[in-house]
Amino acid sequence: MDQGNNSRVAEFVLLGLSSSWELQYFFFMLFNFLYIIIVLGNFLIVLTVISEPALHTPMYVMLSNLSVLDVFLATYATPKMIHDFLHEPKTISFEGCMAQIFLLHVFAGGEMVLLVAMAYDRYVAICKPLHYATIMNSCRCTGLVVGSWVTGVMHSLSQLAFTVNLPFCGPNIVDSYYCDLTLVIKLACMDTYVPEVLMLLDSGLMGVTSFLLLLMSYTVILVTVRRRSLVDMTKARSTLTAHIIVVSLFFGPCIFIYAWPFSNFPMGKVLSVFSTVFTPILNPIIYTLRNKEVKSAVLKLKTRYVRSRLPSRLSLPRQDVLS
């Protein structure tokens, strides 16, 4: 602890996912593999959208931003978790802990708003197709993307404002693999009822509201498509079912953890893994890699890369023959 007029915890101890060395070695290899897949898969999507002019539409612009958020959401804690699997003790500085809390809520809050914006984009495209180009113009698309990032930052600042000033004088053990706000608040040397209520009103309300807006959007889309051909209905139902699965996996743990801040849930850190590791893997598969346009653009990107490398490889034998 820092000594002074008021003692303050200088670092926190993270208990991680397991105390078994065998499991920690297994988790080290597993999460290393998953993290590499997350980074490569999402950056491939971003590169594909940037390089293919046909994908410069509101839907794919928001999808590429979703991929960026997914990479950041997986990065704020996963590399630290992977490092800690092979190191003891698992500690993090007070400043590092506050940084994790800030980054988590920036990226998670931004992704919540962006998912709602994406649902709105699909609603306009399906329910008001004749007005889509007018409603979802480049300015509005940019506004929705920027708005999601700004909302994430503002949401995170509101969480950090009352957390960083809490008196942390010990204990300093966090039963998780990262600085979970719900657990860190409980370590404050004071009655934490008010901070927990503020957290409930902020994170809980934001998560539940975004989730309900998404469900409403998808419901309206399905009702609209149902009035059309059976083929359109089958395709829309298949696509939206996959979207709802991903949304549920992302919002479910968030709502579960932040809607009941007054109790400790042993499964809390396991649920957090779904939001920070498995959802960023599922998003590229569900939202983009199942899409024919994206798959076609990826093949074009691969062909372009191979052709760019081919002349340099063939030039050497030709020079040898001429010599």
Euclidean distance, [Y] [atom2] relative to [X] [atom1], rounded to 0.5 Å:
X      : Y      : atom1 : atom2 : result
Leu181 : Thr163 : CG    : OG1   : 4.5 Å
Leu69  : Met112 : CG    : CE    : 12.0 Å
His155 : Leu205 : NE2   : CG    : 10.5 Å
His105 : Met154 : NE2   : CE    : 15.0 Å
Ser67  : Ile38  : OG    : CD1   : 11.5 Å
Lys300 : Ser51  : NZ    : OG    : 10.0 Å

Check [X] against [Y] and note the closest heavy-atom contact, atom names and distance.
X      : Y      : answer
Leu55  : Tyr60  : O-CB, 3.0 Å
Asn42  : Pro280 : ND2-O, 3.2 Å
Ala119 : Leu214 : CB-CD2, 3.5 Å
Met136 : Pro58  : O-CG, 3.4 Å
Lys80  : Thr91  : NZ-O, 2.6 Å
His56  : Ile50  : NE2-O, 3.1 Å

Would you check if the side chain of [X] reaches a backbone N or O of [Y] as a donor-acceptor pair within less than 3.5 Å?
X      : Y      : result
Thr209 : Met206 : no
Ser156 : Val153 : no
Thr151 : Gly147 : yes
His87  : His83  : yes
Asn172 : Glu11  : yes
Asn137 : Ala133 : no
Ser210 : Gly207 : no

If Ile, Leu, Val, Met, Phe, Trp and Tyr residues are connected whenever their side-chain heavy atoms lie under 4.5 Å apart, and connections chain through other members, are [X] and [Y] in the same group?
X      : Y      : value
Met81  : Ile36  : no
Leu115 : Met216 : no
Ile281 : Phe26  : yes
Val194 : Ile185 : yes
Leu213 : Leu66  : yes

### Message
Ring centroids only, cut at 6.0 angstrom: are Phe102 and Tyr76 within range, meaning strictly under it?
### Response
no
### Task
Report the C-alpha separation of Tyr177 and Thr78 in whole Å, then their side-chain angles, then the decisive distance to 0.1 Å, and conclude whether the side chain to side chain contact (heavy atoms under 4.5 Å, CB included) test is met.
CA-CA 9 Å; Tyr177 62 92; Thr78 305; 5.8 Å; no
### Task
Could you check whether the rings of Phe31 and Phe27 sit parallel, tilted or perpendicular, using 30° and 60° as the cut-offs?
tilted
Kindly indicate whether the side chain of [X], heavy atoms from C-beta on, has any atom under 4.5 Å from the side chain of [Y].
X      : Y      : answer
Lys90  : Val13  : no
Pro171 : Leu187 : yes
Tyr120 : Arg140 : yes
Leu103 : Phe72  : no
Leu14  : Ser176 : no
Phe85  : Tyr25  : no
Leu40  : Leu44  : no
Leu73  : Leu104 : yes

### Query
Should we count OH of Tyr132 as having more than 12 external heavy atoms under 6.0 Å?
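Above 12, so yes.
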### Message
Would you say CZ of Phe94 has more than 12 non-hydrogen atoms from neighbouring residues, nucleotides or ligands within 6.0 angstrom?
### Response
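More than 12 within 6.0 Å, yes.
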#### Entry: Results of side chain to side chain contact (heavy atoms under 4.5 Å, CB included) for Leu201 - residues two or more places apart only
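With sequence neighbours excluded, Leu201 shows a side chain to side chain contact (heavy atoms under 4.5 Å, CB included) to Val197, given in chain and number order.
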### Query
Out of Leu23, Asp84, Leu86, which residue meets the side chain to side chain contact (heavy atoms under 4.5 Å, CB included) rule with Phe28?
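It is Leu86; the other options fail the test.
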### Task
Apply side chain to side chain contact (heavy atoms under 4.5 Å, CB included) to the pair Gln100 and Ile92, showing each step before the final yes or no.
CA-CA 10 Å; Gln100 278 195 344; Ile92 184 171; 3.7 Å; yes
### Full working for side chain to side chain contact (heavy atoms under 4.5 Å, CB included) between Cys127 and Val220
CA-CA 8 Å; Cys127 301; Val220 172; 4.2 Å; yes
#### Entry: Distance-only donor-acceptor check, side chains Thr276 and Tyr178, under 3.5 Å
no
#### Entry: Derivation and outcome, side chain to side chain contact (heavy atoms under 4.5 Å, CB included), residues Asp121 and Met62
CA-CA 9 Å; Asp121 173 76; Met62 286 190 280; 3.4 Å; yes
